[in-house]
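Worksheet for the structure shown next.
Computation of the quantities below employed the complete heavy-atom set of this structure, encompassing side-chain atoms and omitting hydrogens, waters and symmetry-equivalent molecules. Since this is a predicted model, take the numbers as computed values, not measurements.
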Amino acid sequence: MKIGFLFPGQGSQTIGMGKDIYENYEVAKNVYERVKNITNIDIAKLSFEGPEESLNQTKYTQLAILTMSLAIIEILNKNNIKADIAAGLSLGEYSALIYSKAISFEEGIKLVQKRGEYMQDLLPEGEWQMAAIMGMTDEQVEEVCKKVTSGFVVPANYNCVGQIAISGEKQAISEAEKIAKEMGVKKVRVLKTAGPFHTEKLIESSQALRKELDNITIHKFNSKVVKNLDGTPYTESDDVKDILAKHIINPVRFSKSLESMMKEGVDTFIEIGPGKTLSGFVKRQKGEREINILNINNVKTLEDTMEFLEKGGK
């Protein structure tokens, strides 16, 4: 069995996420306490009680999702469950990098705190939105965006076969939805995000984050991590800091990331964190391949996953 960990990004947050894991596992509780000490934010209270408007603010969302993913990782580590390779969607790449020890826990938390603040506070003026278009090829979505005349909109997340998220001005997203439906698309879903993420509009955030990245140390990778920028694993010659700065102004190539993991021989994907969006992406991407898809977002799914792995995937 070859295991790949997947870490979700912004948009998967919900009030109460991680609460039962926090209450049942001391190592998980310790992660929340460490994050509170580093950031001076009570991320447990915010994650478990809200309010929703606060949890949905980028500067808190990213920390909350990262903390939950890292708390689950601590439990898996304690049970000697490890991945051969990992990837994350947007923010989730930081979870993967911390898991691989390329970025230390403390520096990773501080970095994501700053990343969330910059992505919230350094947005250009305007009403921004993201939406997922289902049932179109990459090329068709790119064509839809080119046809929009009412404002800025571009493909932002190439999630999986037949699902691409677009990012831009609210009015332009509405026009893109109309064009897509005229071309035969049945479903377009507005996402729970608050900015034109993974587009050139975040250049100021990217530049500010690059300065923060200069202050951290990149360590040797303990396990492989696939990068969003081009969907290939990091290599020793990669400039990790430069890649992470470019990360927020370039599209996420998650479908390519999944393909890379499958080519590496991953036959068991475990999504770690709130929701199960990435598990759905794997389902759509895998085609005829025999692949186990698991997700851990509460105590039951955690225990079910550990039991499945203990039995050797049976």
Donor-acceptor pair between Thr39 and Gln113 side chains, under 3.5 angstrom: no
So, taking the atom named NZ in Lys276 and the one named OG in Ser12, what distance separates them when rounded to the nearest 0.5 Å? 13.5 Å
Is Met306 reachable from Tyr22 through a run of hydrophobic residues whose side-chain heavy atoms are each under 4.5 Å from the next? yes
Quick check: is Leu97 connected to Ile270 through a chain of hydrophobic side chains (ILVMFWY, heavy atoms under 4.5 Å apart)? yes
Indicate the ring-plane relationship of His247 and His198, choosing parallel, tilted or perpendicular according to the 30° and 60° boundaries. tilted
When you measure from the side chain of Ser174 to the backbone N and O of Lys170, does any donor-acceptor pair fall under 3.5 Å? yes
Do Phe254 and Asn157 pass the side chain to side chain contact (heavy atoms under 4.5 Å, CB included) test, and can you show the C-alpha distance, the side-chain angles, and the key distance before you say yes or no? CA-CA 7 Å; Phe254 199 70; Asn157 292 7; over 6 Å; no
From the options Met261, Arg289, Met1, select the one residue that forms a side-chain contact (heavy atoms from CB on, under 4.5 Å) with Val266. Met261
If you count heavy atoms of other groups shown closer than 6.0 angstrom to NZ of Lys246, is the number above 12? no
Pair Glu143 + Lys147, salt bridge at N-O below 4.0 Å: yes
Please confirm whether the backbone N or O of Phe269 pairs with a side-chain atom of Asn292, one donor and one acceptor, at under 3.5 Å? no
Any chance you could measure Lys300, atom NZ, to Leu302, atom CG, to the nearest 0.5 Å? 11.5 Å
Which atom names give the shortest non-hydrogen contact between Ser95 and Leu70, and what distance separates them? O-CD2, 4.3 Å
cation_pi(Lys101, Phe221) dist<6.0 Å, angle<=45: no
Ile291, Phe5: one ILVMFWY side-chain cluster at the under-4.5 Å cut-off? no
Are side-chain N/O atoms of Ser150 and Gln171 paired as donor and acceptor at under 3.5 Å? no
Has Gln120 got a side-chain atom pairing as donor or acceptor with Thr58's backbone, closer than 3.5 angstrom? yes
What is the distance from atom OH of Tyr60 to atom OG1 of Thr67, rounded to the nearest 0.5 Å? 13.5 Å
In terms of relative ring orientation, are Tyr32 and Phe48 parallel, tilted or perpendicular, with 30° and 60° separating the classes? tilted
Could you check whether Lys263 pairs with Glu259 (Lys NZ or Arg NE/NH1/NH2 to Asp/Glu carboxylate O, under 4.0 Å)? no
Looking just at side-chain N and O atoms, do Asp304 and Thr301 make a donor-acceptor pair shorter than 3.5 Å? no
Heavy-atom side-chain proximity of Ser255 to Val161 below 4.5 angstrom: no
Is the side chain of Ser69 donor-acceptor paired with the backbone N or O of Ile272 at a distance under 3.5 Å, no angle test? yes
List the atom of Leu309, the atom of Ile3, and the distance in Å for their closest heavy-atom pair. CD2-CD1, 4.0 Å
Is any side-chain heavy atom of Phe7 closer than 4.5 Å to a side-chain heavy atom of Leu91? no
Ser47 side chain to Met17 backbone, donor-acceptor under 3.5 Å: no
Joint cluster assignment, Ile164 & Val282, ILVMFWY side-chain distance < 4.5 Å: no
Is a salt bridge present between Glu264 and Lys224, judged by a nitrogen-to-oxygen distance below 4.0 Å? yes
Report the residues that fulfil salt bridge (charged side-chain N to carboxylate O under 4.0 Å, His left out) with Lys283, sequence neighbours left out, ordered by chain and then residue number. none
Calculate, to the nearest 0.5 Å, the distance between atoms OG and CD belonging to Ser90 and Gln10 respectively. 7.5 Å
Is it the case that the side chain of Asn297 and the backbone of Gly275 share a donor-acceptor pair, with hydrogens and angles ignored and the cut-off at 3.5 Å? yes
Just how far is it from atom CG of Leu89 to atom CG of Asn159, taken to the nearest 0.5 Å? 6.0 Å
Minimum heavy-atom separation for Pro8 to Glu271, with atom names? CB-OE2, 4.1 Å
Can any side-chain N or O of Tyr99 pair as donor or acceptor with the backbone N or O of Ala83 at less than 3.5 Å? yes
Less than 4.5 Å apart, any side-chain heavy atom of Lys59 and any of Arg115? no
Non-hydrogen side-chain atoms of Met262 and Lys286 separated by less than 4.5 Å: yes
Side chains of residues 131-142: which donor-acceptor partners sit under 3.5 Å, not counting sequence neighbours?
| residue | atom | partner | partner atom | Å |
| --- | --- | --- | --- | --- |
| Thr137 | OG1 | Gln140 | N | 3.1 |
| Thr137 | OG1 | Gln140 | OE1 | 3.4 |
| Gln140 | OE1 | Thr137 | N | 2.9 |
| Glu142 | OE2 | Tyr158 | OH | 2.7 |

More than 12 non-hydrogen atoms from neighbouring residues, nucleotides or ligands closer than 6.0 Å to NZ on Lys45, yes or no? no
Measure the spacing between CG of Leu244 and CD of Glu212 and express it to the nearest 0.5 Å. 13.0 Å
Treating Ile, Leu, Val, Met, Phe, Trp and Tyr as nodes and any side-chain heavy-atom pair under 4.5 angstrom as an edge, say whether Leu278 and Leu229 lie in one connected cluster. no
Please say whether more than 12 non-hydrogen atoms of neighbouring residues, nucleotides or ligands are located less than 6.0 Å from CZ in Arg189. no
Would you find a donor on one side and an acceptor on the other, under 3.5 Å apart, between the side chain of Lys82 and the backbone of Leu76? no
Under a 3.5 Å distance rule, please check whether Asn79 uses its side chain to pair with a backbone N or O of Ile81 as donor and acceptor. no
Looking at every heavy atom in both Ile65 and Gly9, which two are closest together, and how far apart are they? CD1-O, 3.5 Å
Given Val144 and Met183, is the side chain to side chain contact (heavy atoms under 4.5 Å, CB included) satisfied, shown in steps? CA-CA 9 Å; Val144 165; Met183 289 169 69; 3.6 Å; yes
Please lay out, stage by stage, how Glu74 and Lys78 fare under the test salt bridge (Lys or Arg N to Asp or Glu O under 4.0 Å). CA-CA 6 Å; Glu74 283 302 305; Lys78 202 174 177 188; over 6 Å; no
Going by an N to O cut-off under 4.0 Å, is there a salt bridge joining Asp238 and Lys227? yes
Lys29 side chain reached by Tyr25 side chain, heavy atoms, under 4.5 Å: no
Are Ile218 and Ile216 packed together at the side-chain level, in the sense that at least one heavy-atom pair is separated by less than 4.5 angstrom? yes
Counting only heavy atoms not in Lys110, do more than 12 fall under 6.0 Å of its NZ? no
State, with a plain yes or no, whether a side-chain heavy atom of Pro196 is found less than 4.5 Å away from one of Leu123. yes
Using 4.0 Å as the upper bound for N to carboxylate O, is an ion pair formed by Glu307 and Lys311? yes
Kindly say whether Ile249 contributes a backbone atom to a donor-acceptor pair with the side chain of Ser206 at under 3.5 angstrom? no
Can Gln163 and Arg284 be said to form a side chain to side chain donor-acceptor pair (under 3.5 Å), step by step? CA-CA 9 Å; Gln163 188 183 132; Arg284 294 192 68 151; over 6 Å; no
Less than 4.5 Å apart, any side-chain heavy atom of Ile98 and any of Glu107? no
